[in-house]
Each structure stands twice: as C-alpha cells, then as structure tokens.
Number of protein chains: 2
Amino acid sequence: MAKMQFQREQVLEQSANLFWRVGYHATSMQQVFQHTGLKPGSVYLAFGNKEALFKESLTHYCQASLQGIQASLSAASNIELGICQILESMLEQSLNSDYCSCFLVKSQLELSDEPELQTLVSEQLQQIEALYSEFLMHIYDEPEAKAKACSLMLHIFGIRVYSYHQGSLEKMRQALQVGLPWLPWKLRIN
Amino acid sequence: MAKMQFQREQVLEQSANLFWRVGYHATSMQQVFQHTGLKPGSVYLAFGNKEALFKESLTHYCQASLQGIQASLSAASNIELGICQILESMLEQSLNSDYCSCFLVKSQLELSDEPELQTLVSEQLQQIEALYSEFLMHIYDEPEAKAKACSLMLHIFGIRVYSYHQGSLEKMRQALQVGLPWLPWKLRIN
DNA sequence: CATCTTTTTGAATGAACATTCAAAATTAAC
DNA sequence: GTTAATTTTGAATGTTCATTCAAAAAGATG
C-alpha cells in the first residue's frame with residue numbers, strides 16, 4: 001500500500017486555522033486544497049466531506065485547548081493564579097492585528113442554524129467549562145465551583161467579542177477585576 | 001411612474017431577520033427573494049447587491065436597537081434600573097427555543113475576515129456602548145461612566161454567547177450580580 | 001388617449017461550489 | 001519479480017450561487 005503522504009494531525013491543524021479565520025460557510029474546499037497541499041480526492045478519502053472535515057478540525061482545536069488549560073492550571077503554583085494567567089494571555093491576544101476570537105465561540109454563533117454542528121460546539125464549550133469547574137473544586141465546594149466556572153466562561157466569551165475593538169485591553173482588564181473579584185489580580189504575573 | 005410595490009423598511013426588516021438567523025455567507029439571494037416576495041431585479045434595483053443589502057439590513061437593526069435602549073432608559077424611573085431591565089429581558093430571550101444571539105455580535109464574529117463589513121459592525125457596536133455611556137454620565141463622571149459602559153458591554157457579549165447553553169438563565173443572573181455590582185439588583189422589576 | 005418614466009419580471013449567464021471517479025502511481029507482501 | 005492493496009491525481013460533473021437585462025407592466029404627465 002502507498003504510505004500516507006501527509007500527517008493527519010497536521011492537516012487538521014491547517015484546516016482548523018482556515019475554518020477559524022474565514023468561517024465554515026465562507027471557506028471553500030478549494031481553499032482547503034491550497035492550504036493543505038492535498039488534492040480533492042485525498043481529502044475526500046481521508047475525511048469524507050466538508051462537514052466531517054470541519055467537525056474533526058473543531059474537535060482537534062478543542063482538544064488542544066483543553067490540554068492547554070490542563071497544562072497551565074497544573075503548572076501554576078495555585079489554580080486561581082493560573083486562571084489569571086490564562087485570562088491575561090487572552091487579553092494580550094487582542095493586541096494581535098489579525099486577532100480572530102476563538103474558533104469555538106465563532107462556530108457557536110455561525111452555526112446556530114445547523115442543529116448537528118451547533119450541538120457539537122455546545123458540548124465542546126461545556127467540556128471547557130467542566131474542566132475549569134473540576135479544577136475549582138479543589139478549592140471550593142461543588143455549587144461554588146460551578147458558579148465561578150460559569151462566571152468565568154461568561155467573561156471569556158465577553159473578551160472573545162470585545163477584543164475586536166481597538167484599545168480594549170486596559171478596559172477589559174479593569175472589567176475583569178470587578179467581575180471576577182475572587183481571582184488574585186493584585187499578584188503580578190512572572 | 002409605477003408605485004413602489006413594497007415598503008423599503010419592511011424588506012430591510014425581513015432580510016435582517018434572515019441574515020441574523022442564517023448568517024451572511026449561508027444566506028443565499030434566492031432565500032432573500034423567497035422571504036421578501038421580491039424578484040431578483042427588484043432587489044438589485046433597490047439595494048445594489050448582496051453586500052449592500054446586508055449593510056442596510058444591519059444598519060436598520062442597529063438603529064432599532066439604539067432606539068429601543070433609548071426608549072427603555074428614558075422611560076425608566078432611574079437609569080440603573082433601566083439597565084437591569086434590559087439585561088433581564090436579554091436573559092429571558094435565552095429561554096426561546098430558536099434563540100439566535102444578537103445580529104451585531106454574530107456579524108462581528110462571522111465577518112472578521114472582511115475588513116469593510118467588520119469595520120461597519122465594530123462602529124455600530126461602539127455606538128451602542130456610547131449610548132450606554134452617555135446615559136451613565138448623568139450619574140457618574142466621564143471616566144467612571146465609560147468604564148461601566150465597557151464592563152456592561154463585556155457582560156452583554158458574554159450573555160449573547162452563553163445563552164446558547166441550556167438552563168443558563170439562573171447561572172447568568174448570578175454572574176451578572178457579581179460582575180455588575182453597581183446595578184440595583186435587589187429591587188424587583190415590575 | 002398618447003407618451004414618457006419608472007418599476008417589475010423571470011429566464012439567462014457565467015462563475016464558484018462540493019464532490020466524484022477512473023486511471024496512474026506507490027508501496028507492501030510473498 | 002509479481003501481484004495485490006492502497007493512495008494520489010486532477011479533470012469532469014452537476015448543482016447552486018450572485019447577478020444581469022431585455023421585455024412587459026404600471027403609473028404619471030399633459
């Protein structure tokens with residue numbers, strides 16, 4: 001048999017980046033061929049169709065996000081400080097000139113008219129909330145941890161939209177300090 | 001000359017609803033013809049092309065939003081109570097089974113790859129923030145009013161994404177009370 | 001009523017789209 | 001070295017898309 005000429009993971013990453021930036025509907029399969037260097041037949045053999053490729057790309061992105069959070073919170077000297085660092089790095093992303101929010105948040109809004117994809121995205125965002133919740137349960141009881149995880153997600157979603165506005169960083173930082181008063185904002189991040 | 005067979009405003013409302021629910025790229029002009037009852041030629045004569053129709057639809061929606069906020073805050077016995085009422089009505093929208101966020105927020109995320117449309121959406125969202133800011137300046141000094149308007153928008157954006165999750169209403173209400181502590185949450189709304 | 005202007009109509013156009021498939025190439029197995 | 005299994009290729013397919021336009025219809029004007 002012929003060896004697979006491409007790495008599945010790498011292709012998923014490339015198409016995730018494309019779908020993320022351009023959006024599901026605005027991305028054509030031709031663009032996918034260009035960005036991955038694959039020919040139509042190869043993509044269709046490997047992934048089935050556009051929707052299936054999108055689903056796998058999204059899932060791949062979500063898994064990477066979960067691992068990133070897991071790593072950050074495990075490495076941090078304490079969980080709340082770790083959360084502050086994650087939020088701070090999100091704020092810094094808003095400085096990037098080609099900022100384009102979060103793939104999951106963008107997909108949640110774009111695909112609200114397509115029940116199957118919508119469900120997938122919702123589940124994945126809830127996995128992220130559940131992960132925060134799990135970590136917070138190390139220091140709070142369950143209802144408290146869940147409430148704080150929800151409040152955190154609400155603020156993250158806010159950041160993911162508000163970051164499109166220029167010069168928003170300092171204003172968002174202020175709002176976060178008011179809105180998430182249980183986080184150790186005064187401790188400076190190394 | 002032949003009388004215009006349709007009301008421009010009504011057509012803009014119909015197409016805004018379509019673009020809002022389905023998204024800009026996923027909405028075909030054929031769908032526009034169906035929903036408005038107009039023929040291709042009429043739409044193209046009246047609005048130019050798809051992008052121009054979208055822009056006008058979006059602007060129409062934004063103007064209606066601004067007027068709604070203006071009306072709510074003018075009618076309220078005090079501004080902060082009025083803001084609470086607006087937020088409460090947003091929370092209640094999340095109960096609707098065909099909830100689909102806010103046209104402006106959805107557009108901001110979907111069109112991040114199209115500079116011209118992106119700029120338009122950003123400006124309109126900033127108009128809304130400016131309107132809140134203006135009202136808040138009746139009771140706070142300028143920097144305070146601006147900071148509070150920003151924090152309010154951050155929470156509104158959060159609601160507009162988080163509302164897709166089922167059973168989110170009570171959790172969001174809690175998060176709002178923590179995140180916007182300067183609002184009169186304890187006063188019950190009539 | 002006749003003429004002029006504007007609107008309406010909807011079939012037609014060409015481009016872009018997702019997807020297919022038969023043929024060619026590649027590698028594994030023995 | 002031969003055969004079998006799998007992957008690669010890219011032109012071709014049929015559909016859907018945004019948009020156009022010449023002809024028809026509907027007031028307006030005098």
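Everything quoted here is computed from the prediction, not taken from an experiment. All chains are named by letter (A, B, ...) in the order of the sequence lines, taking the proteins before the strands, and each is independently numbered beginning at 1.
Met29(B) places its CE atom 19 Å from the C1' atom of dT15(D), with the value rounded to the nearest Å. Taking atom CG of residue Leu38(A) and atom C1' of nucleotide dT19(C), one finds them 16 Å apart after rounding to whole Å. Across the protein-nucleic acid pair, Phe54(B) atom CZ and dA18(D) atom C1' stand 16 Å apart, rounded to whole Å. Atom NE2 of His25(A) and atom P of dT16(D) are 15 Å apart (whole Å). Between the CG atom of Asn49(B) and the P atom of dT19(D) there is a distance of 5 Å, given to the nearest Å. dA18(D) atom C1' lies 11 Å from atom CZ of Phe19(B), rounded to whole Å. Across the protein-nucleic acid pair, Lys50(A) atom NZ and dT15(D) atom P stand 19 Å apart, rounded to whole Å. Whole-Å rounding puts the Glu51(B) CD to dC17(D) C1' distance at 16 Å.
The aromatic rings of Tyr24(A) and Phe54(A) lie tilted to each other, with the angle between the two planes from 30° to 60°. Taking the six-membered ring for Trp and thresholds of 30 and 60 degrees, His138(A) and Phe135(A) have ring planes more than 60 degrees apart, a perpendicular arrangement.
Across Leu176(A), Leu183(A), Leu180(A), a single residue satisfies side-chain contact (heavy atoms from CB on, under 4.5 Å) together with Cys84(A), and that is Leu183(A).
The base of dA18(C) is paired with the side chain of Gln30(A) by a donor and an acceptor separated by under 3.5 Å.
Between the side chains of Ser112(B) and Lys106(A), at least one donor-acceptor pair of N or O atoms lies under 3.5 Å.
Both Tyr24(A) and Leu45(B) lie close to DNA chain C; mapped to their nearest nucleotides by heavy-atom distance, the more 5′-ward contact belongs to Leu45(B).
Residues from residues 106-121 of chain A that place a heavy atom under 4.0 Å from any atom of DNA chain C: there are none.
For dT19(D), the OP1/OP2 oxygens have a side-chain nitrogen or oxygen of Tyr44(B) closer than 4.0 Å.
Using modelled atom types, one side-chain atom of Gln31(A) and one backbone atom of Ser28(A) make a donor-acceptor pair closer than 3.5 Å.
A cation-pi contact, defined as under 6.0 Å to the ring centre and within 45° of the axis, is absent between Lys39(B) and Phe33(B).
Of all heavy-atom pairs between Thr27(A) and Lys50(A), the closest is O-NZ, 2.7 Å.
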Considering only nitrogen or oxygen atoms on both sides, find all protein atoms under 3.5 Å from nucleotides 10-13 of chain D and state each distance.
{"from": "dG10(D)", "atom 1": "OP2", "to": "Lys39(A)", "atom 2": "NZ", "distance (Å)": "2.9"}
{"from": "dG10(D)", "atom 1": "O6", "to": "Gly41(A)", "atom 2": "N", "distance (Å)": "3.1"}

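Here the two rings, on Tyr164(B) and Tyr99(B), have centers that are under 6.0 Å apart.
One finds no salt bridge joining Glu129(A) and Lys146(A) here, because no Lys/Arg side-chain nitrogen approaches an Asp/Glu carboxylate oxygen to under 4.0 Å.
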